[in-house]
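Structure first, commentary second.
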Amino acid sequence: MKKMKWFASTVLAGAMIATLVVTAGCSQKETLNLYSWADNFDPDVIKDFEKKYDVTVNYAVFANNEDLLAKLKAGGSKYDVIQPSDYMVATMIQQDLLEPLNKDNIPNWNNISSHFKNLPYDKDNKYSIVYTSGVTGIAYNKKYVKGEITSWSDLWKPEFKDKVLLLDDMREVIGMGLKKNGFSNSSTNENEIKKSVDDIKQLLPSVLAFDTDNIKQKLIAEEGWIGTVWSGDAAYIAAQNPDIAYVIPKEGSTIFSDNYAIPKGAKNKDLAEKFINFMLDPEVSAKNYESIGYSDPNEKAKPFHSPEYQANKMINLSNDEFARTEWLMDVGKTLQVYDRYWTEIKSGRE
Amino acid sequence: MKKTKWLISPVVLWLSLFLILPMAIVVVISFLGRDEFGNLVIQFSLDNYARFFDSLYLGIYWDTIALSVLTTLICVLISYPLAYYIANAGPTRQKIWLLFITVPFWINFLIRTYAWVLLLRSQGVVNSFLMDIGIIDEPLKMLYTKGAVLLGMVYTFIPYMVLPIYVSLEQMDRKLLEAASDLGASRWRAFWHITLPQTKSGMMTGSVLVFVSTAGMYVVTDILGGSKSTMLSNIIQTQFLGARDWPFGAALSVIFAITSLVLIYLFNMALRSRHERSKEGRA
Amino acid sequence: MKQKTNPLLSIHAYLVMAFIYLPVLMILIFSFNNSRINSTWEGFTFKWYGSLFQNRNVMDALMNSLTIAFTSTVIATVLGTVAALALRNAVRKSKTVLGMLYLPIVVPDIIMGLSLLLLFSQFHFPLGKWTIIIAHVTFSISYVYVIVASRISGMGKQLEEAAQDLGASPWQTFRYITLPAIWPGVLAGAIMAFTLSIDDFMISFFVAGPDSTTLPIYIYGLVKRGISPEINALCTIMIIVSVGLILIAQWLQNKGNRGKKASTLPF
């Protein structure tokens with residue numbers, strides 16, 4: 001059995017060499033440590049940036065805002081650009097985790113539509129610049145869902161038993177219940193919250209699954225007929241399954257955004273600002289958003305977008321639809337109330 | 001033979017540095033308070049532990065234990081005969097089987113679990129197959145149920161059970177079996193009185209690994225259960241992330257770790273008394 | 001030595017194997033699916049295999065994962081085995097040490113990840129591949145320990161004592177008697193450690209630095225946009241390469257053994 005020994009030593013040697021190769025692979029170029037969701041940019045655009053400034057972009061990934069926050073809070077991480085969502089920007093500002101942006105280095109900030117400047121979670125864009133934005137609405141399959149869907153309460157219809165999909169997100173689901181009952185999606189009034197949660201508990205028998213990340217697949221494959229979906233995802237679903245329709249309910253709904261921000265202690269703040277500025281260039285911007293299919297807040301980029309992109313009603317929402325939306329606010333200590341109700345909803349226990 | 005005892009020191013040193021020290025931080029956090037943004041507040045409090053004794057969390061804890069026990073039992077039933085088969089194969093084939101069984105677990109966990117979604121969903125492979133051969137007319141609802149969660153858990157932890165059982169079966173004293181059959185014992189009797197007792201330690205090890213890992217697993221409940229059944233691990237996860245309540249999450253983890261350790265201790269006690277008895281028997 | 005195997009046992013073994021490989025088959029099929037996300041079958045394509053090798057992020061992540069898994073498996077297997085051997089002779093095993101060895105198994109992943117991150121950041125230890133390796137070794141030691149220890153617990157000392165009586169040095173005794181006897185346990189422990197390391201997400205996520213994204217971290221980051229079939233293609237290749245390596249190793253071994261009586265030594 002000599003071969004076994006040979007095999008074991010080869011594996012060992014292989015591991016050592018691999019370690020050496022990988023550790024030795026550091027280049028001398030300046031490096032931008034980018035931290036975002038995977039595939040959140042057009043890879044060609046990143047390459048263009050690397051070429052233009054002769055730098056390396058190190059693209060690390062996280063799976064959700066909460067992971068990002070926990071990681072930054074525990075410290076020790078060295079990222080230059082991060083992409084938190086709206087409510088997370090607010091939280092990070094409160095916890096002093098973000099570096100103020102120097103707008104002089106980001107002149108392309110002016111290209112952003114005024115709808116997306118000075119948003120309530122970061123009043124003067126001191127810490128963040130919007131990357132993309134969307135709204136939560138109802139996506140449904142016209143093959144199975146007869147009649148017009150206009151309101152959140154349509155989800156409660158008995159014929160959708162076992163066919164309703166909800167986002168696996170505490171604030172989205174309870175916020176939807178609050179909106180249905182005519183309250184603010186960030187209510188801190190315990191009676192309002194209780195009323196909405198009781199309503200949602202009535203909906204539970206109809207719920208097929210809670211899902212944020214794979215709700216797209218579930219609607220495309222027609223596992224569920226109707227569900228709460230973000231507008232960008234709805235555009236994707238509709239492109240894959242032509243029977244899908246999308247509506248922003250009349251009671252109004254939640255608007256959200258993903259943003260650029262620079263965490264405290266970033267090593268390469270200048271390069272980070274260069275990157276943000278580069279991404280906001282009209283042509284670069286058009287190329288990037290055409291590739292990833294999200295909404296582009298860049299007003300100057302409009303002429304560079306394809307007619308199909310501009311005609312897409314789920315990517316480019318109307319002013320009327322925007323008027324019905326509300327940003328989620330940090331609910332402070334009421335978060336504990338939300339959390340308890342959410343645990344009750346998810347576990348089916350009291 | 002005392003002289004080998006110093007060999008434990010590198011491990012003890014390693015674990016003290018990278019396990020006990022960080023765990024000490026967690027234990028400290030479990031006694032602290034928090035402000036409304038989730039920042040830790042330095043004040044001694046037992047509230048985080050008291051909160052656990054709410055019927056909501058106790059109920060979830062109970063669900064978690066029930067699921068873990070069930071998963072462990074099914075894993076033993078599936079894995080024991082498999083490990084027995086492997087241990088009785090030729091020496092090369094043994095290694096091949098072991099590796100073949102673990103290779104699928106080297107590919108990503110999420111991908112494997114999503115593959116189950118493709119199999120089990122209402123338009124999935126299993127339903128289409130059953131409808132094609134005419135066993136059912138309507139698709140069965142398999143996905144997003146407790147059964148799907150159980151299946152996913154069993155699937156995930158089969159290797160955790162097969163490996164230890166195999167290890168203990170492989171070293172069994174076969175002369176005893178031969179003697180038994182010479183004395184006219186049926187194979188079944190020989191298995192029951194000789195093989196099974198000798199492989200208890202492997203089964204116990206496997207059960208501990210499966211039980212604790214099931215209780216700590218949160219992704220299977222999300223993906224295959226449609227996120228509709230909450231386990232203790234999901235709650236711990238949420239406390240550290242969405243709810244920003246590190247002290248409560250830390251307290252839940254401490255409770256979980258201590259109850260598991262007590263359980264393992266009881267297992268080991270049961271095992272040791274067995275072991276000592278059998279040693280006396282052999283002498 | 002070899003017993004006749006009951007045909008029911010073989011049937012059971014192959015059925016379990018089929019159960020284990022059923023999802024793998026789905027992954028393989030969907031790696032040829034002409035759609036960006038794995039939901040419905042859109043037609044056959046090879047394109048994901050092509051684009052996979054163009055995707056720098058995936059390739060870097062794979063390299064990181066393999067390096068980390070190999071390194072941490074070697075360290076953890078040695079440490080875990082040493083621990084099991086050291087505790088073998090202790091008549092009354094110290095409960096503290098035992099508790100310590102079991103602790104990594106019972107601590108939830110997120111706690112282990114976060115607490116290690118707190119530790120590393122307190123001591124300004126730069127996050128990267130080494131911090132992930134440390135974390136993986138920490139939890140793998142226990143798994144190696146329990147498996148090797150359960151092997152040792154059923155082992156007699158007669159052979160080793162006989163060897164020493166015949167004048168073998170402690171090293172010779174270890175090398176030619178003890179190691180061969182525990183080898184299946186060591187091997188099983190190593191397989192377990194490798195499997196845990198290559199598949200770990202939560203702990204790696206927290207202790208990873210900007211340039212040490214592992215494959216599971218990358219794949220979790222993809223879920224928001226939809227996991228692309230490139231990953232299915234990658235998993236398919238990983239399975240095929242692993243299975244191929246196993247078969248080659250067996251072939252080499254058979255060739256080496258031909259004409260020679262099978263030895264009971266591990267090497």
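So you know, we letter chains A, B, ... as the sequences are listed, proteins then strands, and number each from 1. The structure displayed is predicted, hence computed values, not measured ones.
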For chain A, which of [options] has the most heavy-atom pairs under 4.5 Å?
options	answer
C:H124, C:R56, C:M202	C:R56
C:Q122, C:R36, C:E42	C:R36
C:F120, C:F206, C:Y220, C:F201	C:F206

- Query: When you look at NZ of A:K143, are more than 12 heavy atoms from neighbouring residues, nucleotides or ligands closer to it than 6.0 Å?
  - Reply: yes
- Query: What do you reckon, is CZ of C:F44 surrounded by more than 12 foreign heavy atoms closer than 6.0 Å?
  - Reply: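 More than 12 within 6.0 Å, yes.
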Side chain, backbone, both or neither: which part of [X] has a heavy atom under 4.5 Å from chain C?
X	result
A:D80	neither
A:I292	both
A:Y35	side chain

For [X] against [Y], the heavy-atom pair lying closest together:
X	Y	result
A:N58	C:P210	OD1-O, 3.4 Å
C:L117	A:G75	CD1-O, 3.5 Å
C:S121	A:A74	OG-O, 2.7 Å

Please classify the contact between [X] and chain A as side chain, backbone, both or neither, with a heavy-atom cut-off of under 4.5 Å.
X	result
C:S35	side chain
C:F125	neither
C:A208	both

- Message: Below 4.5 Å, heavy-atom pairs only: which of A:I215, A:T212, A:D67, A:N40 has the largest tally toward chain C?
- Response: A:D67
- Any donor-acceptor pair under 3.5 Å from A:K71 side chain to C:F205 backbone: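 Checked: pair present.
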- Message: How long is the straight-line distance from CD1 of A:I46 back to CG of C:N57, given to the nearest 0.5 Å?
- Response: 8.0 Å
- Item | Aromatic A:Y236 / basic C:R225 pairing, under 6.0 angstrom, 45° off normal |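 No, C:R225 does not sit over the ring of A:Y236.
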- Is there side-chain contact between C:T40 and A:Q240, with at least one heavy-atom pair below 4.5 Å?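 They are not in contact (no side-chain heavy atoms under 4.5 Å apart), so the answer is no.
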- Item | Side-chain heavy-atom pair C:Y218, A:D39 within 4.5 angstrom cut-off |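 When only atoms from C-beta onward are counted, A:D39 and C:Y218 do touch, with a gap below 4.5 Å.
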